[in-house]
Amino acid sequence: MTGPALGREFYQCPTDDVARALLGKLLVRHAEGATVVMRITEVEAYLGTEDPACHTFGGRRTPRTETMWGPAGHAYVYLIYGLHHCLNIVTVGVGEPEAVLIRGAIPIVGIDTIRERRGFPASDRLLADGPGKLCQALAITRSDQGCDLTAIDSALFIVDDGFMVDDSVIEKSGRIGVAYAGSAADWPLRYRVHSDIRG
DNA sequence: TCTAGGATCGGCT
DNA sequence: GCCGATCCTAGAT
């Protein structure tokens with residue numbers, strides 16, 4: 001599972017491309033004295049001011065979304081339904097408030113830690129098969145808002161270990177839970193790996 | 001200051 | 001498949 005941590009340039013690309021490229025990458029998290037590594041299996045792209053499903057649609061700029069307006073490669077974390085955290089990674093560049101939502105991943109290292117955080121024994125696949133579950137598994141909260149994934153010694157970063165995800169195992173579909181965004185909910189910006197890529 | 005509603009999850013039917 | 005939990009955020013007043 002060794003490999004170079006992804007640098008800023010990886011994230012400074014069109015959001016749709018970054019989303020696709022993140023599939024199969026390793027999410028590495030140091031927190032609470034433990035290290036957890038997970039392989040990304042599901043993501044969604046959010047295309048900024050032109051995307052009705054995106055928090056920055058129409059140029060909205062608030063304290064919450066401020067991170068999205070900043071440089072690529074930072075974590076945009078928010079609370080949804082008063083209960084769950086969602087982890088996004090800012091893409092493109094300053095003034096282009098786009099991001100990729102990490103929706104799901106498979107545990108690679110630290111499964112015991114993840115089970116402890118999730119509070120019940122479940123199959124590995126069910127430990128982080130949703131954005132809220134993923135953040136719980138990784139112990140991500142709003143205190144991680146703005147975290148720079150490309151910084152040396154960052155508590156959260158992404159590694160490319162050379163694992164390749166073939167297009168044939170990727171399911172592309174509309175986005176989840178954004179019906180309020182009208183037809184934009186159907187834009188094919190969700191990517192999900194539908195085979196076992198534990199690697 | 002007030003209020004409506006949300007990029008979800010898990011339990012129950 | 002349906003529904004309640006739960007509280008922050010953003011926009012309105």
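Note on naming: letters A, B, ... go to the chains in the order of the sequence lines (proteins, then strands), and numbering restarts at 1 for each one.
- Using a 4.0 Å heavy-atom distance criterion, Leu83(A) is classed as a base contact.
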Kindly indicate, with the supporting measurements, whether the criterion salt bridge (charged side-chain N to carboxylate O under 4.0 Å, His left out) is fulfilled by Arg29(A) and Asp144(A). CA-CA 11 Å; Arg29(A) 169 67 165 166; Asp144(A) 296 294; 3.1 Å; yes
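- Taking 4.0 angstrom as the limit, Tyr76(A) places none of its side-chain polar atoms (N or O) nearer than this to OP1 or OP2 of dA7(B).
- A donor-acceptor contact under 3.5 angstrom links the side chains of Arg118(A) and Gln136(A), judged on distance only.
- The distance from atom CD1 of Ile140(A) to atom C1' of dT8(B) is 16 Å, rounded to the nearest whole Å.
- When rounded to the nearest whole Å, the span between CZ of Arg103(A) and C1' of dC9(B) equals 12 Å.
- Using a 4.0 Å heavy-atom criterion, one finds that Arg190(A) contacts no nucleic acid atom at all.
- One can place CG of Leu126(A) at 15 Å from C1' of dG11(B), the figure rounded to the nearest angstrom.
- Listed nucleotides: dT8(B), dG6(B), dC9(B). Nearest to the side chain of Lys133(A): dC9(B).
- Side-chain contact of Thr35(A) with His30(A): a donor-acceptor pair under 3.5 Å is present, judged by distance alone.
- Atom CD1 in Ile176(A) sits about 10 Å away from atom P in dC9(B), given to the nearest Å.
- Judged by a 6.0 Å distance limit and a 45° cone about the ring axis, Arg142(A) is not positioned over the six-membered ring of Tyr78(A).
- Once the 5.5 Å centre distance and the 30° plane angle are applied, the aromatic ring of Tyr46(A) is found stacked with the base of dA7(B).
- No hydrogens or angles considered: a donor-acceptor pair under 3.5 Å links the side chains of Tyr191(A) and Asp16(A).
- Residues His55(A) and Tyr46(A) place their aromatic rings such that the two centres sit no closer than 6.0 Å.
- The distance between atom CG of Asp186(A) and atom C1' of dA7(B), rounded to the nearest whole Å, is 15 Å.
- Protein atom CZ of Arg175(A) is 15 Å distant from nucleotide atom C1' of dG6(B), rounded to whole Å.
- With respect to the salt-bridge test (charged N to carboxylate O, under 4.0 angstrom), the residues Arg175(A) and Asp186(A) do not qualify.
- Rounded to the nearest 0.5 Å, atoms NZ (Lys172(A)) and CH2 (Trp187(A)) are 13.0 Å apart.
- For DNA chain C, the contact window with chain A, defined by any atom under 4.0 Å from a protein heavy atom, covers dA5(C) to dG11(C) in 5' to 3' order.
- Residue contacts for Arg64(A): at a heavy-atom cut-off of 4.0 Å it reaches the sugar-phosphate backbone alone, with no base atom in range.
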When Watson-Crick pairs (N1 to N3 and N6-O4 or O6-N4) and G-U wobble pairs (N1-O2 and O6-N3) count only below 3.5 Å on both distances, what is the dot-bracket string of DNA chain C, with | for other-strand pairs? |||||.||||||.
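- Taking atom OH of Tyr81(A) as the reference point, atom P of dG10(B) lies 14 Å away to the nearest angstrom.
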CA sep, side-chain torsions, deciding dist, call: Thr67(A), Gln145(A), side-chain hydrogen bond (donor to acceptor under 3.5 Å, both in side chains): CA-CA 8 Å; Thr67(A) 299; Gln145(A) 176 73 269; 3.1 Å; yes
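- Atom NE2 of His55(A) is separated from atom C1' of dG6(B) by 8 Å (rounded to the nearest Å).
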